Amino acid sequence: MRELKPIVIDKYIISALREDMTSGDITTDAILKDEKGEVSLISKDRGIIAGLDVFKRVFEILDEDATFEFNFSDGDEVNNSDLVGTIRAKARAILEGERTALNYLQRMSGIATYTKKMVASLNSDSVKILDTRKTTPGMRILEKYAVTLGGAYNHRYNLSDGIMIKDNHIDAAGGIKNAIEKVRSLNPFVKKIEVEVENLDEVKEALEAKADIIMLDNMNIEEIKEATKLIDKRAIIECSGNISLENINDYKDLDIDYISSGAITYQAGVLDLSMKNLKIY
């Protein structure tokens with residue numbers, strides 16, 4: 001995932017701020033006018049920090065003169081009680097943006113932290129871990145960015161980004177061979193064709209139809225071993241289906257290329273972070 005830029009993320013942040021302030025911040029409006037403020041961003045947990053640019057951008061949208069001093073960068077490990085950084089801005093902007101900024105930072109850091117653990121548990125130089133499209137609506141670009149900070153890789157970004165023939169496509173087309181022929185006839189030759197299979201008969205059919213990538217979906221370890229023998233390097237092999245931190249190490253010594261995991265985003269929690277010690281001046 002490329003670096004996040006304001007032109008890409010601003011629309012998401014503005015939408016989140018509008019969600020949180022439909023008619024202003026009635027509490028802050030009663031307490032503050034144009035005072036300046038300074039607040040500390042503190043880690044209350046151990047993990048990988050991810051999303052500092054998004055966090056920062058929230059306050060820049062609310063106050064273009066906001067300034068920041070960060071002691072860590074995206075991808076760094078933080079520990080409990082670490083001072084991640086200091087924010088200086090209009091005090092009302094700090095209070096108005098606090099929840100939105102932390103929501104982004106905590107969620108993205110949680111994903112990066114979980115991803116890092118998965119990569120460490122697999123501990124493989126040959127097999128790469130991928131995310132999926134099982135992301136929070138409106139958060140995909142941010143969550144996929146967090147995955148890369150944790151040391152894993154992005155699968156296709158959306159339905160326009162890559163060809164994947166899944167079980168319902170196969171049913172609709174009347175079989176793997178028909179599905180591949182239809183897709184191949186309408187897409188440029190530079191696009192790889194990935195097919196999801198659930199048993200060895202489907203592996204054979206995908207090979208006969210010359211699929212570029214074969215996803216072994218919800219197969220047990222012994223079935224995967226048989227499938228890799230059948231494929232014999234004639235296609236890229238991806239494994240998927242209920243693979244999480246708890247069982248990913250089982251796949252370490254298999255002759256496969258990729259593991260895709262929805263858990264990398266939907267099972268990740270949040271990293272506990274807090275904005276404390278607000279000073280008004």
Side-chain angles (χ1 to χ4, degrees), residues 1 3-45 47-70 72-74 78 82-114 133-147 149 157-158 265-281:
M1 180 64 66
E3 180 184 356
L4 297 173
K5 296 185 181 297
I7 194 172
V8 175
I9 62 175
D10 276 10
K11 64 179 179 179
Y12 300 107
I13 295 172
I14 290 168
S15 177
L17 287 169
R18 284 174 176 161
E19 179 182 55
D20 211 30
M21 289 189 290
T22 51
S23 301
D25 176 355
I26 61 175
T27 308
T28 299
D29 289 345
I31 295 172
L32 291 167
K33 296 187 183 299
D34 294 320
E35 296 92 337
K36 302 287 186 182
E38 176 182 308
V39 69
S40 299
L41 174 62
I42 297 170
S43 174
K44 298 168 70 177
D45 202 354
I48 305 300
I49 201 76
L52 287 173
D53 284 345
V54 183
F55 176 88
K56 175 181 172 183
R57 191 65 188 147
V58 171
F59 299 107
E60 289 176 337
I61 288 171
L62 293 168
D63 178 7
E64 62 182 12
D65 296 320
T67 61
F68 308 86
E69 291 180 14
F70 290 127
F72 297 87
S73 299
D74 273 357
V78 295
D82 278 348
L83 175 62
V84 179
T86 303
I87 303 95
R88 297 180 181 89
K90 291 178 182 177
R92 63 184 303 110
I94 291 173
L95 292 173
E96 289 170 351
E98 177 180 5
R99 184 71 270 148
T100 297
L102 284 174
N103 282 350
Y104 281 126
L105 190 62
Q106 289 179 299
R107 174 66 179 152
M108 293 173 70
S109 298
I111 290 171
T113 300
Y114 188 88
R133 287 167 42 245
K134 294 176 182 177
T135 54
T136 308
M139 283 278 290
R140 180 170 295 171
I141 192 169
L142 305 180
E143 293 184 351
K144 280 182 169 285
Y145 173 71
V147 165
L149 292 174
Y157 179 72
N158 58 27
T265 48
Y266 69 69
Q267 281 193 14
V270 299
L271 186 69
D272 195 0
L273 298 153
S274 183
M275 288 169 59
K276 290 289 186 184
N277 308 318
L278 177 64
K279 299 175 184 176
I280 304 296
Y281 55 90

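Here, residue 1 is the first one in the sequence, and each next residue gets the next number. If you're wondering where the values come from, they're calculated on a predicted model, not measured in any experiment.
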**Q** Between Arg57 and Glu60, does at least one N-O distance fall below 4.0 Å, as a salt bridge requires?
**A**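 Answer for the salt bridge query: yes.
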
**Q** After noting the C-alpha distance and the side-chain angles of Val78 and Leu271, does the key distance pass the side-chain contact (heavy atoms from CB on, under 4.5 Å) rule?
**A** CA-CA 10 Å; Val78 295; Leu271 186 69; 3.9 Å; yes

**Q** Does the pair Met275 and Phe55 meet the rule for a side-chain contact (heavy atoms from CB on, under 4.5 Å), with working shown?
**A** CA-CA 12 Å; Met275 288 169 59; Phe55 176 88; 4.0 Å; yes

**Q** For Ser274 and Lys276, indicate whether the former's side chain and the latter's backbone hold a donor-acceptor pair under 3.5 Å.
**A**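 The answer is no, because no donor-acceptor pair under 3.5 Å joins these two groups.
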
**Q** Quick test of your reading of the model: are Lys90 and Asp34 salt-bridged, counting only N-O distances below 4.0 Å?
**A**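 Answer for the salt bridge query: no.
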
**Q** Specify the closest pair of heavy atoms between Val54 and Leu4, including all atoms of both residues, with the distance to one decimal.
**A**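 Where Val54 meets Leu4 most closely, the heavy atoms are CG2-CD1, 3.8 Å.
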
**Q** Please check if the side chain of Arg107 supplies one atom and the backbone of Ala268 the other of a donor-acceptor pair under 3.5 Å.
**A**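 Side chain of Arg107 to backbone of Ala268, a donor-acceptor pair under 3.5 Å: yes, one is there.
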
**Q** State the CG-CZ distance between Leu52 and Phe68, to the nearest 0.5 angstrom.
**A**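 These two atoms lie 10.5 Å from each other.
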
**Q** By the definition side chain to side chain contact (heavy atoms under 4.5 Å, CB included), identify the one residue from Val58, Leu41, Asp63 that meets it with Ile87.
**A**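 Option passing the side chain to side chain contact (heavy atoms under 4.5 Å, CB included) with Ile87: Leu41.
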
**Q** Measure from the side-chain N and O atoms of Ser109 to the backbone N and O of Leu105, and report whether any donor-acceptor pair falls under 3.5 Å.
**A**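 Checking the backbone N and O of Leu105 against the side chain of Ser109, a donor-acceptor pair under 3.5 Å is found.
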
**Q** Could you pull out the closest heavy-atom pair between Phe72 and Asp82, with the gap in Å?
**A**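 Reported closest heavy-atom pair: CZ-OD2, 3.5 Å.
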
**Q** A side-chain contact here means heavy atoms from C-beta on lying under 4.5 Å apart; do Gln106 and Leu102 qualify?
**A**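 Yes, side chains in contact.
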
**Q** Would you check, one step at a time, whether the test side-chain contact (heavy atoms from CB on, under 4.5 Å) holds for Arg133 with Tyr157?
**A** CA-CA 7 Å; Arg133 287 167 42 245; Tyr157 179 72; over 6 Å; no

**Q** Test side-chain contact (heavy atoms from CB on, under 4.5 Å) on Thr136 and Thr265 and set out the steps.
**A** CA-CA 8 Å; Thr136 308; Thr265 48; over 6 Å; no

**Q** Under the side-chain hydrogen bond (donor to acceptor under 3.5 Å, both in side chains) test, which residues partner Thr28, sequence neighbours left out?
**A**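 side-chain hydrogen bond (donor to acceptor under 3.5 Å, both in side chains) list for Thr28, sorted by chain: Asp25.
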
**Q** Side chains of Leu278 and Leu95: does their closest heavy-atom pair fall under 4.5 Å?
**A**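 Yes, their side chains come closer than 4.5 Å.
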
**Q** Would you please test Glu38 and Thr86 for side chain to side chain donor-acceptor pair (under 3.5 Å) and show each step?
**A** CA-CA 7 Å; Glu38 176 182 308; Thr86 303; 5.4 Å; no

**Q** Under 3.5 Å, is there a donor on one side chain and an acceptor on the other for Arg99 and Asn103?
**A**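 Per modelled atom types, Arg99 and Asn103 side chains form a pair under 3.5 Å.
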
**Q** Measure the shortest side-chain to side-chain distance between Asp29 and Glu96 over non-hydrogen atoms and say whether it is less than 4.5 angstrom.
**A**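 Sidechains of Glu96 and Asp29: in contact.
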
**Q** Is there a side-chain contact between Tyr12 and Met139 in this structure, where contact means two heavy atoms from C-beta onward sitting under 4.5 Å apart?
**A**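 Side-chain contact under 4.5 Å: no.
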
**Q** Indicate the atoms forming the closest heavy-atom contact of Leu62 with Met21, along with that distance.
**A**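 Where Leu62 meets Met21 most closely, the heavy atoms are CD2-CE, 4.1 Å.
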
**Q** Do the side chains of Arg88 and Glu69 get close enough for a salt bridge, i.e. N-O under 4.0 angstrom?
**A**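 Salt bridge: yes.
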
**Q** Please report the closest heavy-atom contact between Lys33 and Glu35, naming both atoms and the distance.
**A**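 Answer, listing the atom of Lys33 first, then Glu35: N-OE1, 2.7 Å.
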
**Q** Quick one: does Asp74's side chain have a donor or acceptor within less than 3.5 Å of a partner on Gly51's backbone?
**A**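 Present.
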
**Q** Would you compute the distance between atom CD1 of Ile111 and atom OH of Tyr266 and round it to the nearest 0.5 angstrom?
**A**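 Answer for the CD1-OH pair, Ile111 versus Tyr266, is 13.0 Å.
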
**Q** How many angstroms lie between atom OG of Ser73 and atom CG of Leu149, to the nearest 0.5 angstrom?
**A**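 Going from the OG atom of Ser73 to the CG atom of Leu149 covers 10.5 Å.
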
**Q** Measuring from Lys56:NZ to Ile61:CD1, what's the distance to the nearest 0.5 Å?
**A**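 CD1 of Ile61 is found 12.5 Å from NZ of Lys56.
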
**Q** Find out whether Ile42 and Leu273 are in side-chain contact, i.e. whether some heavy atom of one side chain is under 4.5 Å from a heavy atom of the other.
**A**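 They are not in contact (no side-chain heavy atoms under 4.5 Å apart), so the answer is no.
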
**Q** Looking at every heavy atom in both Ala146 and Ala50, which two are closest together, and how far apart are they?
**A**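 Heavy atoms only, the tightest pair is CB-CB, 4.4 Å.
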
**Q** Which atom pair, heavy atoms only, marks the closest approach of Thr100 to Ala16?
**A**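 The pair with the smallest heavy-atom distance is CG2-CB, 3.8 Å.
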
**Q** Only counting residues at least two apart or in another chain, list the ones meeting side-chain hydrogen bond (donor to acceptor under 3.5 Å, both in side chains) with Gln267.
**A**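 Checked Gln267 against side-chain hydrogen bond (donor to acceptor under 3.5 Å, both in side chains); matches are Tyr114.
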
